[in-house]
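Here's the structure, in structure tokens; my notes come after.
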Amino acid sequence: MDFLQNLCKKILSVVAHAALTITGAFTMLLSLGGFLSGELIGGGIVLLLGFAMTAIGTRSFWYPGYKEKQAEKKQLQNIKNTSLESDTAQPVTDFAQDSYQKAVSDFNALNGIIRQLQDQELTEQLKKMQGIALRMINYMKEHPDKISIADQFINYYQDRALSLSNQFLEFEQMGLGTPDVNAIKIKTKHTLESFDEAYEAQFSRMLTDKMLEVESELKVAQQIMSDAGIQNTSGIPKSHRTSDASTNTASTAYRTPDTDGMQASSSPARELPDITLENNPFSIDRPFDIGMPAGDYPSSSRARESNRPRGRFQK
């Protein structure tokens, strides 16, 4: 029944859109008569009305693709190249500013290449790399003093990623399917497969001082707890630890005592009584509420290559 209802809805939708499109096109043709007769205002109104009807009628054809492109643009947002400002007493050096500008320029240029690539595997890999690069560049903007640590990322890894991706795009645009070209494209994709790991390693280097600071705070907190008599030296979270004493107590609490009042080692353990709704000592008045919800880029590769700063590792 649901299938028939959905089918009828789709048929009616197609018919309605087709009728609206035809009516809009016919209305735009009628506007030509108004223009020829000198009724410019009337003809313009009829033309706009016909255009609106045609656009609405053909919406099911162009709107999904438009939404997809808009989603891709939001996912691949460009970074505005701004001047760095240090929040410390030390001024931002020219090296840090130039390196930051190159990182932003290469990031935006790589976004432009991703939008033109046809290979889905390489596109997904580059998007993953861009996600890491975006976090790194934002961190550079907030901490200009760490930019020097990311020199290898800026001048080699991201620079090479842009160059290799650009060459891959050129091979795609040539439309050649020779074995040699395909082999080069496969090698390029294989090389870029591990670049996200290299990005993360570079990002981890930038965060070394932050991790050391947190480690120092953790040691101080553990020392304070130790002085207060709170021990947590096992390295296992408290919620995952089991007490041997409570285990032993639970295993011997229900054994049958002997005639002398001493526990007999050979006595079998007494079985625990079954707990029901009537004899449950932990019953509550009401049940728990379990169901509660908790930019535009130059299309020419030469133009892109000439407009961005060169890396120190490039020949």
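Residues take their numbers from the sequence shown, with the count starting at 1.
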Task: Value rounded to 0.5 Å, distance of CD1 in Ile224 from CD1 in Ile230 - done: 10.5 Å
Open item on the list: In the structure I gave you, are the side-chain heavy atoms of Gln130 and Ile114 within less than 4.5 Å of one another anywhere?
Closed with: yes
- [ ] Given side-chain contact (heavy atoms from CB on, under 4.5 Å), test Val220 with Glu217 step by step and report yes or no.
- [x] CA-CA 5 Å; Val220 172; Glu217 292 181 2; 5.7 Å; no
TODO: Of all the heavy-atom pairs spanning Asp151 and Phe95, show the shortest one and how long it is.
DONE: OD1-CZ, 3.5 Å
TODO: Kindly state each residue pair satisfying salt bridge (Lys or Arg N to Asp or Glu O under 4.0 Å) with at least one member in residues 190-203, sequence neighbours excluded.
DONE: none
Task: Approximate separation, where rounding is to 0.5 Å, of Thr21 OG1 and Met53 CE - done: 9.0 Å
Task: Under the side-chain contact (heavy atoms from CB on, under 4.5 Å) test, residues paired with Leu47 that sit two or more places apart - done: Met28, Ser31, Phe35
- [ ] May I ask you to check whether Asn138 and Glu142 show a side-chain donor-acceptor distance below 3.5 Å?
- [x] no
Open item on the list: Taking the side chain as everything from C-beta on, heavy atoms only, tell me whether Ile154 gets closer than 4.5 Å to Ile147.
Closed with: yes
Open item on the list: If I compare all heavy atoms of Ala133 with all of Gln158, which pair ends up nearest, and what's the gap?
Closed with: CB-OE1, 4.0 Å
Open item on the list: Does any part of the side chain of Phe168, heavy atoms only, come nearer than 4.5 Å to the side chain of Lys189, both counted from C-beta?
Closed with: yes
Open item on the list: Under 4.5 Å between side-chain heavy atoms, counting indirect links through other Ile/Leu/Val/Met/Phe/Trp/Tyr residues: same cluster for Val46 and Phe51 or not?
Closed with: no
- [ ] Could you walk me through whether Met140 and Phe153 pass the side-chain contact (heavy atoms from CB on, under 4.5 Å) test, one step at a time?
- [x] CA-CA 12 Å; Met140 294 178 200; Phe153 160 75; 3.8 Å; yes
Task: Spatial distance of atom CG (Leu162) from atom CG (Asp106) [nearest 0.5 Å] - done: 5.0 Å
Open item on the list: Does Asn155 form a side-chain contact (heavy atoms from CB on, under 4.5 Å) with Gln152? I'd like the steps, not just the answer.
Closed with: CA-CA 5 Å; Asn155 293 294; Gln152 190 176 15; over 6 Å; no
Task: Residues Asp159, Lys102: salt bridge by 4.0 Å N-O rule - done: yes
TODO: Supply the atom-to-atom distance Lys127 NZ to Leu110 CG, rounded to the nearest 0.5 angstrom.
DONE: 12.0 Å
Task: Distance-minimising heavy-atom pair for Thr23 and Ala19 - done: OG1-O, 2.7 Å
TODO: Determine whether Phe203 and Ile79 fall in the same hydrophobic cluster, where Ile, Leu, Val, Met, Phe, Trp and Tyr are linked whenever their side-chain heavy atoms lie under 4.5 Å apart.
DONE: yes
- [ ] Decide yes or no for Thr93 and Asp98: does some side-chain heavy atom of the first lie under 4.5 Å from some side-chain heavy atom of the second?
- [x] no
Open item on the list: With rounding to the nearest 0.5 angstrom, report the OG to CD distance, Ser165 to Gln116.
Closed with: 11.5 Å
Open item on the list: Is there a side-chain contact between Met206 and Met136 in this structure, where contact means two heavy atoms from C-beta onward sitting under 4.5 Å apart?
Closed with: yes
Task: Non-hydrogen side-chain atoms of Lys128 and Phe195 separated by less than 4.5 Å - done: no
Task: Between CG on residue Leu169 and OG1 on residue Thr188, distance to nearest 0.5 Å - done: 12.0 Å
Open item on the list: Could you see if Val181 belongs to whatever hydrophobic cluster contains Ile184? Use Ile, Leu, Val, Met, Phe, Trp, Tyr and a side-chain cutoff under 4.5 Å.
Closed with: yes
- [ ] Please determine which of Leu192, Leu122, Ile113 meets the side chain to side chain contact (heavy atoms under 4.5 Å, CB included) test together with Leu164.
- [x] Leu192
Open item on the list: Looking at every non-hydrogen atom in both residues, tell me the closest pair between Pro144 and Ala96 and how far apart they are.
Closed with: O-CB, 4.1 Å
Open item on the list: With a 6.0 Å cut-off (strictly less than), is the heavy-atom count around CG of Leu218, excluding the residue itself, greater than 12?
Closed with: yes
Task: Tyr139 atom OH: more than 12 heavy-atom contacts under 6.0 Å - done: yes
Open item on the list: With a sphere of 6.0 Å drawn around CG of Asp94, does it hold more than 12 non-hydrogen atoms of other residues, nucleotides or ligands?
Closed with: no
Task: Any Thr82 side-chain heavy atom under 4.5 Å of Tyr100 side chain - done: yes
Open item on the list: For Gln118, is there any backbone N or O sitting under 3.5 Å from a side-chain donor or acceptor partner on Glu172?
Closed with: yes
- [ ] Could you tell me whether Glu121 atom CD has more than 12 heavy atoms of other residues or ligands within 6.0 Å of it?
- [x] no
Open item on the list: To check you understand the geometry: which heavy-atom pair defines the closest contact between Ile132 and Tyr199, and what is its length?
Closed with: CG2-CB, 3.7 Å
Open item on the list: Counting C-beta onward and ignoring hydrogens, is there a side-chain heavy-atom pair between Asn182 and Phe171 closer than 4.5 Å?
Closed with: no
